[in-house]
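Remember, it's 1-based here, ligands and their atoms both numbered in the order they're listed.
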Amino acid sequence: MTSWSMSAALCESLNRNVSKSGYKKPTPVQKHGIPIIAAGRDLMACAQTGSGKTAAFLLPILQQLMVDGVAASQFSEIQEPEVIIVAPTRELINQIYMEARKFAHGTCVRPVVVYGGISTGHTIREILKGCNVLCGTPGRLMDIIGRGKIGLSKLRYLVLDEADRMLDMGFEPAMRKLVGSPGMPAKEHRQTLMFSATYPEDIQKLAADFLKKDYLFLAVGVVGGACSDVEQVVVQVTKFSKRDQLLEVLKTTGSERTMVFVETKRQADFIATFLCQEKVNTTSIHGDREQREREQALGDFRSGRCPVLVATSVAARGLDIKDVQHIVNFDLPNNIDEYVHRIGRTGRCGNTGRAAKLVNTFDLHD
Ligand SMILES: Nc1ncnc2c1ncn2[C@@H]1O[C@H](COP(=O)(O)OP(=O)(O)OP(=O)(O)O)[C@@H](O)[C@H]1O
């Protein structure tokens, strides 16, 4: 058995918080990734969904901050975080922030989270109370930096979670703007860490622009591979019976937590309404819902009040919800990486799960 002490020399408070989390030994990406980060190297890490990548970057960073003895000052007009973590969705960055808070509990390191859909005034007040680890979605992060409340001169770590998503066409301009912001240390003077379960080759090449020349690429398992603990099944459907066949599938899953992925926001509303009419306790999450509704939906799903969550790809990446046993791809995603992330919402950290995809095979013969 590999114990924590062999991969990470953690200080007392961190050790205590890791034990409280029930982490008995590091997962492979933690075992190999933590020493690389602790040695000060830039890293592009790839490991399957649910393999513990969040702690793999949080623990060595927090450990280093503890060694250096940082303390956020409540008295500065400008906060100068040592760490910036970016992730593509509000729910995911909030989850990372909660993890950072959990591990930093009882230390003088203060994480803060910023994302759209919550009041900017509230966010700024939170930042001004002191901020060492700033977690944000790109839009709100750039907004806050633009308002002059954040100084970047002390920044030592830049973490891109779901790095391939953060560097794809949608977010790449914001990431370039972030690293080009006034005061942002050049890549030679900061440590840049990237994590994902998938890395298309073009993105790997582009990512090198953000990393030092001698960065390390860590791959645990097959790059872009689906989680091996998820059993994948195909359900053959016809165009007109698809909804009824979804109901059939949900009969077999009963009250076990199930995420149903669809392509569009409209479709998400439509399917959720249909399932509610059919007396299946269902909630939904997508980008057109109010932030309050999104949080309520996740809360109801987490608590089991609504065991079925209909979602667009906004919920495909990173979300770590206990006891999700089934994924149903009602609509297939348009690329394999998105599929890998969707089915990775189950079968996390040693648990098993099932993923069904509804495939309209008859259409293929037309
Ligand atoms: N060493 C450990 N021992 C036990 N559980 C762990 C350990 N490390 C992480 N976990 C738990 O495993 C789950 C998955 O971790 P995490 O969310 O970091 O995965 P991930 O690799 O980032 O997944 P994704 O690619 O989907 O974002 C979480 O519930 C986390 O608390």
Which atom pairs, donor and acceptor, lie under 3.5 Å between side-chain atoms of residues 261-269 and protein residues at least two apart or in another chain?
from: Thr264; atom 1: OG1; to: Gln267; atom 2: N; distance (Å): 3.0
from: Lys265; atom 1: NZ; to: Asp288; atom 2: OD1; distance (Å): 3.4
from: Gln267; atom 1: NE2; to: Asp331; atom 2: OD2; distance (Å): 3.4
from: Asp269; atom 1: OD1; to: His286; atom 2: NE2; distance (Å): 2.9
from: Asp269; atom 1: OD2; to: His286; atom 2: NE2; distance (Å): 3.4

Ligand 1 contact on Trp4 by region, counting heavy-atom pairs under 4.0 Å:
side chain

Going by distance only, is there an N or O of Thr49 that falls short of 3.5 Å from an N or O of ligand 1?
no

Table please: side-chain donor-acceptor pairs of residues 170-178 below 3.5 Å, with sequence neighbours left out.
from: Glu172; atom 1: OE2; to: Arg176; atom 2: NE; distance (Å): 2.7
from: Glu172; atom 1: OE2; to: Arg176; atom 2: NH2; distance (Å): 3.1
from: Arg176; atom 1: NH2; to: Asp209; atom 2: OD2; distance (Å): 3.0

Students often mix this up, so state it plainly: with edges at 30° and 60°, are the rings of Tyr199 and Phe217 parallel, tilted or perpendicular?
perpendicular

Quick check on the hydrophobic clustering: are Leu92 and Met142 connected, directly or via other members, by side-chain heavy-atom contacts under 4.5 Å?
no

Does ligand 1 have an atom under 4.0 Å from some heavy atom of Gly50?
yes

Would you mind telling me which of Asp164, Asp168, Asp161 makes a salt bridge (Lys or Arg N to Asp or Glu O under 4.0 Å) with Arg317?
Asp164

Answer with side chain, backbone, both or neither: which part of Lys322 has a heavy atom less than 4.0 angstrom from an atom of ligand 1?
neither

Geometry only, no angles: is Arg348 polar-contacting ligand 1 at N/O separations under 3.5 Å?
yes

Side chain, backbone, both or neither: which applies to Gln30 and ligand 1 if a contact is any heavy-atom pair less than 4.0 Å apart?
side chain

Closest candidate by heavy atom, reference atom 15 (O) of ligand 1, pool Gly22, Cys227, Gly52:
Gly52

